[in-house]
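Each chain gets a letter, A, B and so on, in the order its sequence line appears, and its residues count up from 1.
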Protein chains: 2
Amino acid sequence: MAAAGSTRDAARTRRTLLDAAVRAVLAHGATVSLEAVAREAGVSKGGLLHHFPSKDALFTGLVDDLLDQFTAAVEAQLDPHDDRPGRLARAYVRAIFADLEPADSAENTREHTTLMAALGHLPQVLARAQEDGRRWKAAFAADGLHPQRSTLVIRAADGTATASLYEGRLEPGELTETRDLLLALTEETGPLWEGLPRAEPG
Amino acid sequence: MAAAGSTRDAARTRRTLLDAAVRAVLAHGATVSLEAVAREAGVSKGGLLHHFPSKDALFTGLVDDLLDQFTAAVEAQLDPHDDRPGRLARAYVRAIFADLEPADSAENTREHTTLMAALGHLPQVLARAQEDGRRWKAAFAADGLHPQRSTLVIRAADGTATASLYEGRLEPGELTETRDLLLALTEETGPLWEGLPRAEPG
């Protein structure tokens with residue numbers, strides 16, 4: 001019981017430290033000191049070093065945590081009754097758009113993007129993000145859609161999130177239309193550009 | 001002649017100040033002082049204030065400049081021999097992907113995104129970015145493609161740029177495939193999800 005309790009405590013402290021690191025990097029960038037992070041978290045520098053022995057370890061932990069949170073958000077959107085091709089792409093689209101609905105969505109996007117912009121040039125952080133990218137690529141390759149289709153749907157979902165960085169919260173009607181279009185595109189499986197030209201409207 | 005010369009000098013000083021402001025915001029965030037920007041530019045604070053009377057004016061000038069540079073990059077990609085529907089969408093795609101080709105492309109994306117993340121929450125900056133967004137929307141509405149098609153192509157191009165923020169420089173073969181797919185999608189004009197289901201390959 002004592003061991004389980006101290007594991008819980010350790011997990012809680014780690015969470016506190018990561019949250020403090022996020023705030024510190026957002027305010028001061030990647031040049032922030034470990035002392036400043038410890039102060040922000042209300043722990044001693046020794047306490048911080050016990051969990052994260054270096055700045056590299058802290059920043060890698062922070063980015064791992066961001067990437068894991070996103071993976072968990074997509075997994076939470078997987079529909080257990082959906083076993084058709086495109087199941088993962090649909091969950092990905094729903095996760096991104098759920099994040100864009102709240103009034104403070106532009107703030108969330110800004111936070112994530114600022115963290116990646118501040119830390120992404122560090123070799124260990126870049127390596128984690130690339131590893132995560134390869135994992136997603138492999139998962140989408142097994143999702144049953146033509147690669148053109150997955151790529152387009154995923155990149156368009158990502159791009160909608162980026163747009164909120166420039167334009168603030170996007171108009172709800174526009175968000176719904178884009179989400180529904182992306183979901184509809186996952187309901188077919190073939191390539192996207194071998195289709196016959198369609199007659200022009202009007 | 002003297003007047004033309006001093007206009008040129010003023011434009012040159014403005015350029016120096018904006019470049020210094022970019023470097024200062026990248027290093028210190030939106031809390032950077034006008035003194036620090038003036039120092040970075042090698043001018044007096046009075047000299048800076050003559051061109052940009054406040055921090056708001058400086059940051060708005062900086063973001064206007066970023067947005068104008070992007071507009072100019074798209075205009076440079078407009079093909080004078082292309083008068084088919086989707087002409088603007090093709091130029092947009094070519095401009096984004098041209099920016100992603102160089103070895104330092106992730107750095108460029110990081111720079112732009114960091115600036116928008118640092119400054120985009122300022123009301124005047126947000127207002128400019130939203131105005132710019134409306135201008136693009138109007139231009140795409142006149143480009144002759146079904147809105148579903150423009151939205152998807154533009155968002156997917158934007159999302160490809162964002163991916164480089166997470167994963168570093170994207171693999172050239174993957175970039176070419178995505179660009180060609182997006183360009184191909186602008187060669188038809190109709191909606192994207194009223195199409196008939198296609199036979200699955202294999």
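Taken from CG in B:L181 to NE2 in A:H146, the straight-line distance is 9.0 Å, to the nearest 0.5 Å. Here the CH2 atom belonging to B:W193 is positioned 11.5 Å from the CD atom belonging to A:E188, to the nearest 0.5 angstrom. Taking CG from B:D180 and CD from A:Q148, the interatomic distance works out to 10.0 Å, rounded to the nearest 0.5 Å.
Of all the listed residues (A:A156, A:P147, A:A129), the one sharing the greatest number of non-hydrogen pairs under 4.5 Å with chain B is A:A156. Interface summary for chain A: among B:Q130, B:E177, B:E131, the most heavy-atom pairs under 4.5 angstrom belong to B:Q130. When B:G159, B:A157, B:A184, B:A163 are compared by the number of non-hydrogen pairs under 4.5 Å with chain A, B:G159 comes out ahead.
A salt bridge links B:E174 and A:K137; the closest N-O separation between the charged side-chain nitrogens and carboxylate oxygens is under 4.0 Å.
Of the atoms belonging to B:T178, it is side-chain heavy atoms, and not backbone ones, that fall under 4.5 Å from chain A. With a 4.5 Å cut-off on non-hydrogen atoms, B:L165 touches chain A through its backbone and its side chain both. For B:I154, no part lies near chain A; criterion is any non-hydrogen pair under 4.5 Å. Looking at B:T151, the atoms closer than 4.5 Å to chain A (heavy atoms on both sides) all sit in the side chain, from C-beta outward.
Contact annotation: the side chain of A:H112 approaches that of B:Y166 to within less than 4.5 Å [non-hydrogen atoms, C-beta and beyond]. For the pair A:D158/B:D158, no side-chain contact is recorded, criterion being any heavy-atom separation below 4.5 Å from C-beta on. Looking at B:L152 and A:L182, their side chains come closer than 4.5 Å, going by heavy atoms from C-beta outward. Between A:W136 and B:E167, the closest side-chain pair of non-hydrogen atoms is not below 4.5 Å.
Annotation for B:R110 and A:A117: closest pair CD-O, 3.2 Å, computed over non-hydrogen atoms.
One side chain, A:T162 or B:T162, offers a donor N or O that lies under 3.5 Å from an acceptor on the other.
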